[in-house]
Amino acid sequence: MENNYLKKKIQTIINNFNAKKFSYVISKSLGYLKKFPQTVILYNLLGSSYQNIGEYNKATDVFIKGLELDSNNIAIKNNLATCYKYLLQYEDAENLYREIIEINPKYINAYVNLGNLKRDINKLSEAVELYETANKISPNNQIILYLLALAHQGLGGFEKSIEY
């Protein structure tokens, strides 16, 4: 009974998250975490909501708590790394993205997010390598092709940029 109840409530929270109703998600997640503190998905939803409203320090704290319960949760690690990036903690972000890639070499988001971090700190050649790896995993992904085009353009490789 309690399991079905919680599943339905979590689905409602996910629906509201997808509708970008982050205040609702924060309120409900905090309430359910008091009752069900071992529910890892609630930490990811709560942290992601804080992240979406620019509360990166709060999001970081929540993601860390979630990882204390499930240290190999790739989604939470990815979101935490993104928080670190926004907080300009580039080394911490890079280490987490690389850790994710080590755990799951097919996890495209880690390559793309690490590539974006490299692009943001003007290491465009490294960004291209990461995007190309992502493109091998998911060929013809429009987002990855767009990122490759931008990175090549930034490097002055206009022909390659047009190709992508």
Side-chain angles (χ1 to χ4, degrees), residues 1-90 92-101 103-120 127 130-131 133-135 137-151 164:
M1 167 85 173
E2 195 171 273
N3 194 20
N4 261 351
Y5 167 81
L6 184 57
K7 280 183 182 178
K8 287 179 183 176
K9 294 301 179 185
I10 289 172
Q11 188 56 57
T12 300
I13 293 171
I14 291 169
N15 294 343
N16 280 277
F17 179 85
N18 291 334
K20 302 185 183 315
K21 295 180 179 179
F22 303 120
S23 295
Y24 175 90
V25 175
I26 290 167
S27 172
K28 292 298 181 182
S29 295
L30 287 169
Y32 289 121
L33 279 170
K34 287 179 184 170
K35 294 179 188 176
F36 308 102
Q38 301 299 310
T39 310
V40 176
I41 191 171
L42 289 172
Y43 291 95
N44 200 27
L45 288 164
L46 177 60
S48 295
S49 294
Y50 281 134
Q51 189 176 45
N52 274 284
I53 62 170
E55 296 277 350
Y56 302 114
N57 287 313
K58 283 184 181 179
T60 298
D61 292 341
V62 172
F63 290 138
I64 289 170
K65 286 179 187 171
L67 285 175
E68 288 171 4
L69 295 172
D70 181 2
S71 61
N72 289 318
N73 188 302
I74 289 176
I76 292 178
K77 282 184 186 228
N78 187 62
N79 289 330
L80 177 58
T82 300
C83 277
Y84 286 150
K85 179 185 132 182
Y86 286 124
L87 292 168
L88 308 179
Q89 296 173 354
Y90 298 131
D92 291 334
E94 180 172 349
N95 289 339
L96 264 181
Y97 289 133
R98 293 204 182 277
E99 194 176 305
I100 293 166
I101 290 168
I103 293 168
N104 183 352
K106 302 275 186 208
Y107 191 72
I108 299 168
N109 289 352
Y111 292 100
V112 170
N113 289 336
L114 181 54
N116 291 343
L117 179 136
K118 293 296 184 175
R119 180 198 63 215
D120 291 351
L130 291 156
Y131 296 147
T133 301
N135 192 43
I137 296 167
S138 179
N140 300 317
N141 178 308
Q142 291 181 343
I143 294 169
I144 296 169
L145 294 174
Y146 175 72
L147 292 170
L148 276 163
L150 288 178
Y164 283 111

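Worth saying up front: this structure is predicted, and the values here are computed from it rather than measured.
Between the side chain of T39 and the backbone N or O of F36 there is at least one donor-acceptor pair closer than 3.5 Å. With hydrogens and angles ignored, the 3.5 Å screen pairs a side-chain donor or acceptor of S49 with a backbone N or O of L45. Proximity of a side-chain donor or acceptor of T12 to a complementary backbone N or O of K8 within less than 3.5 Å is detected.
For N79, the side chain to side chain donor-acceptor pair (under 3.5 Å) criterion is met by N44, S48, not counting sequence neighbours. For Q38, the side-chain contact (heavy atoms from CB on, under 4.5 Å) partners two or more places apart in sequence, or in a different chain, are L69.
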Would you give me the side-chain donor-acceptor pairs under 3.5 Å for residues 53-65, sequence neighbours excluded?
residue, atom, partner, partner atom, Å
T60, OG1, Y56, O, 2.7

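Taking CG of L33 as the start and NZ of K35 as the end, the distance is 11.5 Å to the nearest 0.5 Å. For the atom pair CG (N109) and CG (N78), the distance works out to 5.5 Å, reported to the nearest 0.5 Å. A distance of 11.0 Å separates CG in N73 from CG in L80, rounded to the nearest 0.5 Å. Atom CG of N16 and atom NZ of K28 lie 9.5 Å apart (nearest 0.5 Å). Going from atom CG of D92 over to atom CG of L87 covers 9.5 Å, rounded to the nearest 0.5 Å. Of the inter-residue distances, the one linking I103 atom CD1 with N72 atom CG reads 5.0 Å to the nearest 0.5 angstrom.
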Stepwise side chain to side chain contact (heavy atoms under 4.5 Å, CB included) test for L46 and I26
CA-CA 5 Å; L46 177 60; I26 290 167; 3.9 Å; yes
Taking it one step at a time, do N52 and F17 satisfy side chain to side chain contact (heavy atoms under 4.5 Å, CB included)?
CA-CA 10 Å; N52 274 284; F17 179 85; 3.6 Å; yes
Where do L42 and I13 land on the side chain to side chain contact (heavy atoms under 4.5 Å, CB included) test, with the steps shown first?
CA-CA 9 Å; L42 289 172; I13 293 171; 3.9 Å; yes
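Paired with K118 under the rule side chain to side chain contact (heavy atoms under 4.5 Å, CB included), one option of L114, D120, N116 passes, and it is L114.
Between D70 and I76 there is no side-chain heavy-atom pair separated by less than 4.5 Å. With contacts defined as side-chain heavy-atom distances shorter than 4.5 Å, the pair Y107/I101 does not qualify. Side-chain atoms of I41 and I14, non-hydrogen and from C-beta on, do get closer than 4.5 Å to each other. The side-chain heavy atoms of Y97 and T82, taken from C-beta on, include a pair separated by under 4.5 Å.
Heavy-atom neighbours of I143 CD1 from other residues, nucleotides or ligands within 6.0 Å: at or below the threshold of 12. Surrounding OH of Y90 are more than 12 heavy atoms belonging to other residues, nucleotides or ligands, all under 6.0 Å away.
The ring of Y131 has its center no closer than 6.0 angstrom to the ring center of Y111.
Neither side chain, Y43 nor S29, offers a donor N or O lying under 3.5 Å from an acceptor on the other. Side chains of Q11 and N15: a donor on one and an acceptor on the other come within 3.5 Å. The closest side-chain donor-acceptor pair between N95 and R98, if any, does not fall under 3.5 angstrom.
Considering all non-hydrogen atoms of both residues, K77 and S71 come closest at CE-O, 2.7 Å. Listed here is the closest heavy atom pair of A127 and G115: CB-O, 3.3 Å.
By the 4.0 Å N-to-carboxylate-O rule, E94 lies too far from K85 to be salt-bridged with it.
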